[in-house]
Amino acid sequence: MTHSFWNERFWLPNNITWADLRDTPLAKYPQIEDLLIVIPIALVLFLSRLLFERLLAQPVGVCIGISPRGPRKPVHNAILERVFHTITQKPDEKRLKGLEKQLDWSPYQIRQWFARRRAQIRPTKMAKFKESLWKLVYYTGILGYGLFVLSEEDFFYELSKCWTNYPFQPVSTNLRNYYVTELSFYVSLVLCEIVSVKRKGYRQMLTHHLITILLMIFSYVDNFIRIGCVILITHDIADVWLETVKLLNYTKCSRLSNFVFAIFALHFIATRLVYFPFWIIYSTLVQTLPSFGFFPAYVVFNALLVGLLLLHIYWAALILHVGYTLLTTPASEQSSCTQIYSDSALSEDEQEYSFHSTPTYLFRISSTLHNGSASGGNSQIFQNGNTSGGNGLIGKNGSLAKSATLVANGNSCFMSGKH
């Protein structure tokens with residue numbers, strides 16, 4: 001079975017065998033056993049993240065005013081817990097009436113209990129702050145190292161040289177270390193996604209990480225490391241700005257976060273919607289053909305690149321939506337942009353959509369409030385409602401929420417954490 005999986009006719013160009021790509025005293029080629037070190041490094045990165053978040057990121061967050069405490073817990077109720085875990089986390093009107101009779105609670109009390117219970121399984125602002133600070137430190141460091149390594153390579157400046165004399169392209173120690181570190185980091189992100197609280201955009205984010213890992217394994221086995229390194233550094237550029245915006249948002253630096261968001265959007269579009277398809281994918285599809293033609297692994301590699309591009313297009317649409325809202329929302333109605341929440345007892349930054357790169361990122365899509373009303377029937381707008389505990393949601397006129405509650409408190413509404 002192992003021999004069939006590593007069939008040379010799938011993985012390699014015609015007339016090339018694995019024996020041709022064994023290391024020699026003069027040349028070191030990528031070997032699949034090189035990747036065995038990825039899991040240990042990923043575990044080290046995972047543990048390093050836990051220590052970094054506990055010993056450094058959390059104290060920093062507390063110093064700038066982010067509460068380490070989570071939302072208020074609901075009172076224990078065995079019946080509601082059973083419904084929450086086995087039936088639904090958001091009961092409809094019919095089920096609410098049944099629970100009302102069974103518990104002798106008001107519909108508002110039941111809704112508030114479920115809202116607070118849902119808040120318990122969502123990451124807190126402190127958790128997202130710590131994650132973003134860790135990612136910012138990593139992306140900044142790996143971007144600097146990647147630029148140092150690639151600045152000495154001629155293919156970085158002329159992509160057609162990624163295919164010169166392919167597949168007989170020796171790999172330097174620096175290139176191998178850079179590549180293995182990046183692969184290990186994405187494996188560590190998958191570990192974090194699996195063990196952490198599931199959030200909106202979880203599937204898109206996990207899909208992004210898995211596509212990235214498959215791309216990196218394919219490119220390493222087939223010695224596409226040159227183009228692979230260019231792809232990695234292209235993604236890391238926007239990720240640095242993304243995590244910066246998220247941190248500014250958590251610290252409520254509204255104007256600065258809006259400015260940095262514009263920089264991030266420009267970098268994202270330039271690197272992932274322009275350079276990635278029109279330079280990188282063009283190189284892998286067109287400039288490669290004179291060198292070695294088609295073979296199955298090459299086709300799969302390009303299919304994964306196209307899949308990654310589709311994710312970029314999806315995320316770009318969400319970014320542009322946020323940007324459009326910022327430009328069209330009057331300054332009097334926004335601090336950085338108007339926040340709208342669909343749940344009365346959530347923390348102040350819950351409604352999210354997924355972004356990254358490298359995946360990576362969670363964006364919240366905002367909307368503009370007009371004339372003190374929303375397009376949701378009986379929805380009510382609250383200016384300073386209780387978000388995570390206390391006395392229930394009190395509206396501007398002292399009324400309680402009766403249905404889906406929208407809260408507009410003027411805080412920034414970009415993203416909360418990618419990747």
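Because the structure is a prediction, the values reported are computed rather than measured. Along the sequence shown, the residues carry numbers beginning at 1.
Between L21 and Q31 the shortest heavy-atom distance is O-NE2, 2.8 Å. Closest approach of M126 to I66, counting heavy atoms only: CE-O, 3.2 Å. When all heavy atoms of N223 and Y29 are compared, the pair lying nearest together is ND2-CD2, 4.3 Å. The heavy-atom pair separating R95 from T88 by the smallest distance is CD-CG2, 3.9 Å. Across all non-hydrogen atoms, the minimal contact from F5 to W11 is O-NE1, 2.7 Å. The heavy-atom pair separating T181 from L45 by the smallest distance is O-CD1, 4.4 Å.
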Verdict with supporting geometry, H235 and H312, ring pair (Phe, Tyr, Trp, His ring centres under 6.0 Å): CA-CA 10 Å; H235 284 68; H312 292 166; 4.8 Å; yes

As a quick check of understanding, evaluate ring pair (Phe, Tyr, Trp, His ring centres under 6.0 Å) for Y282 and F276, giving each step before the final call. CA-CA 9 Å; Y282 172 81; F276 182 68; over 10 Å; no

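Here the side chain of T140 pairs no donor or acceptor atom with the backbone of V137 at under 3.5 angstrom. Under the 3.5 Å distance criterion, the side-chain polar atoms of Q169 are matched with a main-chain donor or acceptor of C162. A donor-acceptor pair under 3.5 Å is absent between the side-chain atoms of W163 and the main chain of I227, judged by distance alone. In this structure, the side chain of N7 engages the main chain of R9 through a donor-acceptor pair within 3.5 Å. Side chain of E243 to backbone of V240: no donor-acceptor contact under 3.5 angstrom is found.
If you look at Y138 and F52, their ring centroids are not closer than 6.0 Å.
Between the side chains of T234 and Y275, no donor-acceptor pair of N or O atoms lies under 3.5 Å. For the residue pair D34/Y220, the side-chain donor-acceptor check at 3.5 Å is satisfied. Side-chain contact check for S160 and Q287: no donor-acceptor pair (N or O, by modelled atom type) lies under 3.5 Å.
Using a 4.0 Å cut-off between charged side-chain N and carboxylate O, R272 and D239 make a salt bridge. For the pair R49 and E53, the salt-bridge criterion is met [side-chain N within less than 4.0 Å of a carboxylate O].
Classification of the Y298-F292 ring pair by plane angle, with boundaries at 30° and 60°, yields perpendicular. Between F129 and Y250, the angle of the ring planes goes over 60°, which puts this pair in the perpendicular group of the 30/60° scheme. Relative orientation of the F301 and F224 rings is tilted, given thresholds of 30° and 60° on the angle between their planes.
Looking at heavy atoms from C-beta onward, V260 lies in side-chain contact with L256 at the 4.5 angstrom threshold.
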